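Because the structure is predicted, anything quoted here is derived from the model rather than measured.
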Amino acid sequence: EGEEEAIRQIGGRDGGQERTQPPLDVWFQPGERRRDPGGPDRGWEAGGLLLGGAQGVIFDYELRRQKLLQGHTNTITCAAASDDKKWLVTGDAGERDTMVVVWNAKSAVPVRTLFEAHPGGVISLDITPDAMYIATVGVGPNQDLSVWEWTVQRDEPMYTAAITSKDVQHCVRFKRDDHTEIITNGTARTIFWNIEDEAGLKFYSPAISTKEFITPVGHFTQSVFIPNSTQAVTATEDGDVLLWDQVLLPALHARPTDRCGVKLLRLHDEGCAISVIQVFDNFLVTAATDGHVRFYDFKFRLLAWYEDLDVGPIMSLTFTSPRTVPKDGTMLDSEVRVPNFIVASKSGKIALVNAAVFELFTKEERRGELLVQAFESPIAAITAHPSASQFYVVTQSGVLRHVDYESQAWLRTKTLDKRTPTCMCINPNGQELIVGCQDGALLILSTTDLDLIQKSAQVYEAAATEVKFSPDGMYVAMADAQNCVGIYRRERNVLESGKEVPWLYLGRYRSHHAAIVGLTFISDDDSGVIRLVSLGHDRVLVEYDLANSFAATGIVVRSAVTIEQTAVPCGLLVLPPGTQPGEDPKRTLLVSSNDEFKLKLLDVLGLTGVHDERPLPSQESHCVQTLLGPTYGAPPSNLQVLPDNGSGKRYAVYNTPEKVVGLMKLPLDGNPNTAMGLIAHPGSVRGLSVSHDGRFVLTTGGWDYGIFLWETDTGALDQMATLGGTG
């Protein structure tokens, strides 16, 4: 029910109807989701369609503007466009609420949505050149092929048929000059389909014998029909294409349209997978993992080649416009006069290729123009700059980037050699950046040039799960996968190597026997000290005595308090003093979220004593209040207070472990109308950070290769709370 409400709040099922500005709205997506070589995705069509998780982005590379396609709640798996680039089709796959959406490419508005087109979603789709029909293939293992007349208001497909092949089909294409013929392929099987009005979809799948060809046939990637002929081709991972054609002497019971493999042709170097094969006007266009793009005529004669693009293995290709005919009307079919095209590579590069560079002489002149450098691996962590419109992002491959989200420019890039980052945090003064790694190491870098300041000498087998700076920048705390907390103090010291460094390692303490879900510093103005607390799945909240913790004696624990009896804590939030009505304005309260969707307000700071072994009902209660928390999908796991905007109203942002990001109005009162949530990512939410002015919230799904910048509108949340009442 929580996910259904989140879908409703973002308008995912509104069929393109206008809606008011939501409390959180996507403003900018600086990331792109990488595609695998064998996939049928043609998501760069329409002159620049980027797919990022559950969002599509139409990128205008001339104006550097983005149009966002919002509505999917699962990962978009495939896309296609009509020949005139006016219509886009996107499909997703997931456990529930799958969709196939037809978009107006100019306005980025959905005009038709097909819900649950296949159980579990679609793996591939295609649209006819005139945009009248859509073919979809469901996800495996029990697949089916459906043909939709999407302009007609009906929920069922025109035709549908089960795919009986055990080879999972991952590509589908219409024949450009006859929409009644369709071709699909998996890694080892190609199937030819015919639409017969009364009989529906009929298929023929020719067998491939290793004895028919001199060389082995590699795994299939994509297939396409040759227009105005009986031929079709299937590309392979070995750089070959398998030519299909009708035979002169058909086998018994064979139909005239049945085809068989007649020839294996080498179009790219051996071992270079042909990841793209498509028909453009009178040309057969191929692109491969060798980074080359080649143009052939329909007799497989090479006409043009682009081999110096310098983008890496190509995964996708699209043309910016249809082929134009000169004013005098004289142009040979074999004359390679094509529009510019865009290629996307496995390394995350998106480049514009001027078709005229084919005639240039030097290698440098024949390179593509880089439009976007996207993320090359899953994102490990993000953090916003505390005083500028910038943020830092680090990928699991160790590439750290400094990004300006106002100008949408990458300012600096640094590769952290031999490291796998897991978390990151920035000093409140904006001068230092700390990156936690898979081996437990901490890297302290300068934010100005990303140069290394200090590398921790202590390396553990446990991965760093969270790192935090203290508000005054004098301490750093790290939680790891072995349920330990390590602490560093800003204090100049000399390493064994003789190098002087600014941070002193105080020690590491195993303070929990279950995963740590909250780690935060607190500036206690009432007592004038900096406090550090951690919260674990073991239901214990631990405060550390920073003043009495030293490198020689180790970390000292000030108190350990059990805060739950049966519920399991999920996250930790520090409320600004005076937030809750009736409370001491100097007292700082903590908020823990638990797996029962409750928010528990705690007054535990400054206590002394070790863990109380008595049953919780017999202990002194430190709970000030228990309230209902957000109920969108799952309990909040990460909560942060938005900076004060001077209006006198305060708000908090949160994310759940899966999909949902939302806003809460403070003070907390348990009213469900004072919180909202929306589906931000199709899977897990790996990171959340708030901009220095509270205007934006950054989120990443990690494995979806995308970052979203959400613009906050707290006035919209106030309006929702007013209209909803007191709950």
Side-chain angles (χ1 to χ4, degrees), residues 7 11-19 40-43 45-46 49 56 58 69-74 76-94 96-139 143-163 169 171-184 191-203 225 227 257:
I7 293 171
R13 296 185 182 274
D14 63 5
Q17 298 177 3
E18 292 185 3
R19 56 185 171 85
D41 176 38
R42 286 175 287 152
E45 301 196 52
L49 171 64
I58 299 175
L69 308 180
Q70 294 180 264
H72 287 279
T73 60
N74 298 291
I76 300 176
T77 54
C78 47
S82 60
D83 270 12
D84 57 10
K85 308 294 185 181
K86 291 182 179 179
W87 306 103
L88 297 172
V89 189
T90 56
D92 64 28
R96 52 180 293 186
D97 302 317
T98 61
M99 307 177 192
V100 173
V101 184
V102 182
W103 308 82
N104 183 314
K106 184 176 181 180
S107 61
V109 171
V111 295
R112 181 70 193 278
T113 301
L114 307 174
F115 297 108
E116 305 289 351
H118 299 269
V122 296
I123 193 173
S124 180
L125 58 79
D126 193 25
I127 187 170
T128 55
D130 60 2
M132 292 299 294
Y133 303 98
I134 298 171
T136 58
V137 173
V139 298
Q143 294 182 289
D144 49 16
L145 169 68
S146 297
V147 178
W148 308 77
E149 191 177 11
W150 68 271
T151 56
V152 176
Q153 289 296 327
R154 66 177 168 214
D155 296 331
E156 301 299 324
M158 291 176 59
Y159 306 100
T160 188
I163 298 175
Q169 304 289 287
C171 176
V172 60
R173 297 282 176 83
F174 281 106
K175 189 175 184 181
R176 293 182 57 82
D177 51 337
D178 183 3
H179 75 270
T180 64
E181 290 196 60
I182 300 171
I183 188 172
T184 66
I191 305 176
F192 294 90
W193 303 81
N194 285 89
I195 299 176
E196 300 177 3
D197 290 337
E198 295 182 358
L201 282 166
K202 297 295 182 180
F203 71 91
F225 285 105
T257 55

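Annotation: side-chain hydrogen bond (donor to acceptor under 3.5 Å, both in side chains) contacts of Q169 (sequence neighbours excluded): T184.
Judged purely by atom type and a 3.5 angstrom limit, D97 has no side-chain atom pairing as donor or acceptor with the backbone of T73. Side-chain atoms of D92 come within 3.5 Å of backbone atoms of M99 as a donor-acceptor pair (strictly under, hydrogens ignored).
Counting only heavy atoms from C-beta outward, the side chains of R112 and V101 never approach each other to under 4.5 Å. Contact check for L114 versus W148: side-chain heavy atoms found under the 4.5 Å cut-off. Residues T90 and W103 are in side-chain contact: their nearest non-hydrogen atoms beyond the backbone lie under 4.5 Å apart. Residues D83 and R176 are in side-chain contact: their nearest non-hydrogen atoms beyond the backbone lie under 4.5 Å apart. Counting only heavy atoms from C-beta outward, the side chains of L69 and L88 approach each other to under 4.5 Å. In this structure, the side chains of W150 and W87 come closer than 4.5 Å at one or more pairs of heavy atoms. For the pair L201/N194, no side-chain contact is recorded, criterion being any heavy-atom separation below 4.5 Å from C-beta on. You'll find the side chain of Y159 reaches within 4.5 Å of the side chain of D197, heavy atoms only.
Between W193 and A161 the shortest heavy-atom distance is CZ3-CB, 3.8 Å. For the residue pair L125 and G91, the shortest heavy atom distance occurs at CD2-N, 3.7 Å. Closest approach of A135 and L145 over heavy atoms only: CB-CD1, 4.4 Å. Shown here for V122 and C78, the closest heavy-atom pair between the two residues is CG2-SG, 3.6 Å. K85 approaches A105 most closely through the heavy-atom pair O-CB, 3.3 Å. Among all heavy-atom pairs drawn from D84 and S82, the shortest one is OD1-OG, 2.6 Å.
Separating the CZ atom in F192 from the CD1 atom in I183 is a distance of 4.0 Å, to the nearest 0.5 Å. Taken to the nearest 0.5 Å, the OG atom of S124 stands 7.5 Å off from the CZ atom of R173. A distance of 9.5 Å separates CD1 in I163 from CZ in F203, rounded to the nearest 0.5 Å. Separation of atoms CD1 (I191) and SG (C171) is listed at 11.5 Å; rounding is to 0.5 Å. Here the straight-line distance linking atom OG1 of T113 with atom NE2 of H72 works out to 8.0 Å at 0.5 Å rounding. The OG1 atom of T160 sits 4.5 Å away from atom CG of D144, with the distance rounded to the nearest 0.5 Å.
Between R154 and E149 there is a salt bridge, since at least one side-chain N of the basic residue sits less than 4.0 Å from a carboxylate O of the acidic one.
Ring to ring, F174 and H179 are not that close: their centroids are 6.0 angstrom or more apart.
Side-chain atoms of T136 and H118 form a donor-acceptor pair, as typed in the model, at a separation below 3.5 Å.
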